[in-house]
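Following: one structure in structure tokens, then a few remarks.
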Amino acid sequence: MLRTRILGTGFVTGENLVKNEAIAGLMDTSDQWIRERSGVEQRYYVEKGTTTSDLGLGAARKALDDAGVRAEEVDYIVFATMTPDYFFPGCGGILQHKLGLGPIPALDIRQQCTGFIYGLRTVLLVGAEVHSGFMPWHHWDFVFGRGGEPPTEEEKAWITRFRDRTVLFGDAGGACVLRGAEGERGLLGFQLHSDGKDFQSLYVPACGFAQRPYVSESDLREGRHIPEMNGKHVFKQAVTRMPQVVREVCSRNGVEVRQLDLLIAHQANLRINEMVQRALELPDEKVFNNIQRYGNTTAATIPIALDEARKAGRVKDGNLVCFVGLGAGFHWGAALMRA
Ligand code: ACO
């Protein structure tokens with residue numbers, strides 16, 4: 001039987017490591033609050049000018065290298081992101097150009113945190129995000145510890161308005177190389193879902209063609225270009241939908257959840273993943289989390305976690321690995337792989 005196999009993985013982060021303490025200089029928050037509520041200890045932000053397609057390029061090169069596949073062998077690109085370089089065109093074609101490839105098909109997918117799971121069918125699959133463009137501050141030198149001016153009290157109060165979201169995210173790109181191969185190893189099955197009913201629980205109200213013009217000065221003044229989030233609702237969706245879809249993908253493929261060797265969940269919040277783990281009754285050694293070091297990097301979290309887990313020896317040949325994610329939209333899904 002022909003199955004899609006993951007041949008190689010790789011990732012890169014934004015250039016600048018930012019610890020919680022630096023974020024606490026910008027707004028009314030603390031390292032303790034962020035760790036306790038989300039698990040995040042640090043994240044990376046890009047240098048101004050580094051784009052999502054640049055992160056995708058770095059990750060793709062590492063994944064190709066890891067797979068022992070030359071860029072010219074790639075015959076399809078799927079690029080998952082919610083922070084594309086431009087409103088249009090998408091990042092897939094830009095990556096094709098940056099990799100110096102021929103005119104192969106290149107697709108962008110916009111399933112936010114579930115983007116990577118939606119794309120697990122093709123050859124060079126990239127998930128990358130530059131979330132720093134959403135951040136409601138301009139004090140980058142201050143955050144990066146380069147001595148810039150700290151925010152005034154008034155600016156701090158403004159930034160604090162968005163603190164529930166901004167502390168969670170970071171910039172990074174991850175990639176993997178997929179290829180069909182005969183045998184029992186590879187991707188066994190998928191379960192994908194979407195439900196747009198609650199899309200306003202996590203979305204960017206401005207900068208879209210639901211309004212005319214699609215962006216205005218008042219949008220920027222009022223912060224309508226920054227995601228709005230009902231954190232509690234998103235949390236509740238994640239801790240119910242993710243265990244459900246893991247059970248679904250297992251049962252449709254004739255596998256018991258307890259037979260899984262490793263669960264790699266989207267890294268949105270450590271508390272979410274701990275609750276998913278409890279609901280599925282999986283022991284710690286069967287779950288891989290790394291949000292502490294990168295924050296939520298949306299479409300990049302799963303390939304980054306897979307790359308780290310593989311390189312830490314947590315994914316052995318023949319292991320049964322399950323990927324699961326839920327993101328804005330809502331879109332959610334799970335995939336089952338025999339390593
Ligand atoms: N620092 C300090 N205090 C804060 C912060 C912060 N960064 N953010 C919020 N607070 C305050 C709130 O104002 C509130 O204060 P109050 O009690 O005086 O009103 C208090 O902390 C508790 O706030 P809650 O919203 O109840 O905190 P909660 O425990 O729900 O945690 C969080 C908030 C971390 C956002 C959580 O709801 C969550 O993770 N939700 C899911 C979010 C998520 O996963 N988003 C990404 C989805 S993926 C994608 O598609 C992009």
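All figures in this text were calculated on a predicted structure; none of them were measured in a lab. Start at 1 and go down the list; that is how both ligands and their atoms are numbered. By convention here, the first residue in the shown sequence is residue 1. Computed over heavy atoms, backbone and side chain alike; hydrogens, waters and symmetry mates excluded.
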Apply ring-ring contact (aromatic ring centres under 6.0 Å, His included) to Phe199 and Phe330, showing your working. CA-CA 6 Å; Phe199 78 91; Phe330 287 102; over 10 Å; no

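Applying the 4.0 Å criterion to heavy atoms of Thr29 picks out, from ligand 1, the atoms 1 (N), 2 (C), 6 (C), 7 (N). Near Asp164, meaning under 4.0 Å from one of its heavy atoms, ligand 1 places the atoms 8 (N), 9 (C), 35 (C). Distances below 4.0 Å separate heavy atoms of Met229 from the following atoms of ligand 1: 35 (C), 42 (C), 45 (N). Taking a cut-off of under 4.0 Å to the non-hydrogen atoms of Asn269, the atoms of ligand 1 that pass are 34 (C), 38 (C), 39 (O). In the vicinity of Ala328, heavy-atom distances shorter than 4.0 Å reach the ligand 1 atoms 49 (C), 50 (O). Which parts of ligand 1 touch Ala268 is read off a 4.0 Å heavy-atom cut-off, strictly below it: atoms 44 (O). Taking every non-hydrogen atom of Asn296 and a distance limit under 4.0 Å, the qualifying atoms of ligand 1 come out as 46 (C), 48 (S). Of all atoms in ligand 1, numbered sequentially from 1 with element shown, those under 4.0 Å from a heavy atom of Gly327 are 50 (O).
Among Tyr203, Phe235, Trp33, the residue whose heavy atom sits closest to atom 33 (C) of ligand 1 is Trp33. Evaluated by nearest non-hydrogen atom to atom 15 (O) of ligand 1, the leading choice among His131, Lys232, Arg163 is Arg163. Selection from Gln237, His266, Arg37 by nearest heavy atom to atom 22 (C) of ligand 1 gives Arg37.
For ligand 1, the polar-atom distance check against Leu326 finds no nitrogen or oxygen pair separated by under 3.5 Å. Polar contact check, Met82 against ligand 1: no nitrogen or oxygen pair lies under 3.5 Å apart. For a threshold of 3.5 Å applied to N or O pairs, the pair formed by Thr298 and ligand 1 contains no separation below that value. Between Ser30 and ligand 1, no pair of N/O atoms sits closer than 3.5 Å.
Between Phe162 and Phe134, the gap from one ring centroid to the other reaches at least 6.0 Å. Ring centroids of Phe142 and Trp137 are separated by 6.0 Å or more, keeping the two rings apart. Taking the six-membered ring for Trp and the full ring otherwise, Tyr44 and Phe169 have centroids separated by 6.0 Å or more.
The number of heavy-atom neighbours closer than 6.0 Å to CZ of Arg35, taken from other residues, nucleotides and ligands shown, is above 12. Heavy-atom contacts from other residues, nucleotides or ligands closer than 6.0 Å to CD of Gln259 number more than 12.
For Ser38, no heavy-atom contact with ligand 1 is shorter than 4.0 Å. When non-hydrogen atoms are compared, ligand 1 lies under 4.0 Å from neither the backbone nor the side chain of Thr166.
When the options Gln267, Glu129, His266 are evaluated for a side-chain hydrogen bond (donor to acceptor under 3.5 Å, both in side chains) with Thr301, the one that passes is His266.
For the residue pair Tyr294/Glu308, the side-chain donor-acceptor check at 3.5 Å is satisfied. For the residue pair Gln211/Asp219, the side-chain donor-acceptor check at 3.5 Å is satisfied.
Ligand 1 has at least one atom lying under 4.0 Å from a heavy atom of Arg271.
Between Asp317 and Arg185 there is a salt bridge, with a side-chain nitrogen of the basic residue lying less than 4.0 Å from a carboxylate oxygen of the acidic one.
The distance from the NE2 atom of His138 to the CD1 atom of Ile159 is 8.0 Å, given to the nearest 0.5 Å.
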